[in-house]
Visitor: 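Take this structure first; my questions come after.
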Amino acid sequence: MASPPAPPQPRQQSGGPKLQRVMVAVDESECSHYALEWALRNLAPATAPPLLVLTVQPLLPLGYVSAASFGSPLGTPVVAPELIRSMQEQQQQLSQALLNKAKEICAHHGVAVETMIKVGDPKEMICEAAEKLKVDLLIVGSHSRGPVQRLFLGSVSNYCMHHSKCPVLVVKKQE
């Protein structure tokens with residue numbers, strides 16, 4: 001019987017403690033910012049600089065936009081390019097604002113940070129980014145949804161726990 005593959009070796013500072021490459025996924029929720037704060041309070045000394053902070057812009061819901069053109073000639077939905085561009089710019093601004101807030105939180109803790117924005121399905125993009133960046137630990141917040149909400153809305157943290165190639169830490173805010 002073959003032994004399981006050895007886990008990736010953490011980075012090591014010369015003569016210092018082993019440092020981990022850590023990524024925190026944030027969204028507009030309070031729980032994701034709580035997860036970032038938790039990571040900074042509890043893991044900063046073991047984190048290889050910079051801390052990676054990721055946010056994901058969901059794809060534009062063009063189905064809603066094209067529904068607004070219902071009744072156009074020959075039933076062909078026509079979506080104004082200006083409307084799409086405006087929606088994309090608004091999403092980009094919201095994502096940048098989230099990352100700016102994360103940068104402020106990290107600066108308050110004296111931690112170097114690298115931020116990034118991905119576009120797509122959040123749960124898939126988080127796992128993909130963690131793998132591409134060779135992250136040692138992925139941190140996500142828990143929305144504390146009940147089983148029915150998780151069934152209909154899905155759970156990013158649950159998906160990441162089952163599909164990520166690295167360990168996942170789910171931080172739940174205590175109420």
Visitor: Quick one, V171 and V140 - any side-chain contact, counting heavy atoms below 4.5 Å?
Guide: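 No, side chains not in contact.
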Visitor: Please check if M125 and Y159 belong to a single hydrophobic cluster, counting links between Ile, Leu, Val, Met, Phe, Trp and Tyr side chain heavy atoms closer than 4.5 Å.
Guide: no
Visitor: Do L36 and C106 touch side chain to side chain, with heavy atoms closer than 4.5 Å?
Guide: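 In short, these two side chains touch, coming nearer than 4.5 Å.
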Visitor: Hey, are H109 and E37 close enough side-chain-wise for a donor-acceptor pair under 3.5 Å?
Guide: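 Their side chains do contain a donor-acceptor pair, which is all the 3.5 Å distance test asks for.
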Visitor: Is any side-chain N of the basic residue among R85 and E89 closer than 4.0 Å to the acidic one's carboxylate O?
Guide: no
Visitor: When Ile, Leu, Val, Met, Phe, Trp and Tyr are grouped by side-chain heavy atoms lying under 4.5 Å apart, directly or through other members, which residues fall in the same group as L98?
Guide: none
Visitor: Please confirm whether the backbone N or O of S164 pairs with a side-chain atom of E131, one donor and one acceptor, at under 3.5 Å?
Guide: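 Checking the backbone N and O of S164 against the side chain of E131, no donor-acceptor pair under 3.5 Å is found.
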Visitor: Do L99 and V156 sit in one hydrophobic cluster, given that two such residues count as connected whenever their side-chain heavy atoms are within less than 4.5 Å of each other, even indirectly?
Guide: no
Visitor: Can you check whether A48's main-chain N or O pairs, donor with acceptor, with R21's side chain at less than 3.5 Å?
Guide: no
Visitor: With a 4.5 Å heavy-atom cut-off, do P58 and Q91 have their side chains touching?
Guide: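 SC-SC contact between P58 and Q91 confirmed.
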Visitor: So which atom in V53 and which in V26 form the shortest heavy-atom distance, rounded to 0.1 Å?
Guide: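 Of all heavy-atom pairs spanning V53 and V26, the closest is CG1-CG2, 3.8 Å.
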Visitor: Out of curiosity, C160 SG to L169 CG, how far, rounded to the nearest 0.5 Å?
Guide: 12.0 Å
Visitor: With the 4.5 Å side-chain cut-off for hydrophobic clustering, are M23 and M161 part of the same group?
Guide: yes
Visitor: Which pair of heavy atoms, one from L40 and one from L51, lies closest together, and at what distance?
Guide: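 L40 and L51 have their closest heavy atoms at CD2-CD2, 3.8 Å.
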Visitor: Output, in order, the C-alpha distance, side-chain angles, deciding distance and verdict of side-chain hydrogen bond (donor to acceptor under 3.5 Å, both in side chains) for H33 and E28.
Guide: CA-CA 8 Å; H33 288 94; E28 71 284 349; over 6 Å; no
Visitor: I need the full list of side chain to side chain donor-acceptor pair (under 3.5 Å) pairs touching residues 97-107, with sequence neighbours left out, sorted by first then second residue.
Guide: Q96-N100
Visitor: Can you confirm whether Q88 is buried at CD, in the sense that more than 12 heavy atoms of other residues, nucleotides or ligands lie under 6.0 Å from that atom?
Guide: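 Atom CD in Q88 is packed in, count exceeds 12.
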Visitor: For the side chain of T47 and the backbone of V22, is there at least one donor-acceptor N/O pair under 3.5 Å apart?
Guide: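 Not at all, since once roles are kept as given, no pair shorter than 3.5 Å links the two residues.
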Visitor: Are the side chain of S95 and the backbone N or O of Q92 linked by a donor-acceptor pair below 3.5 Å?
Guide: no
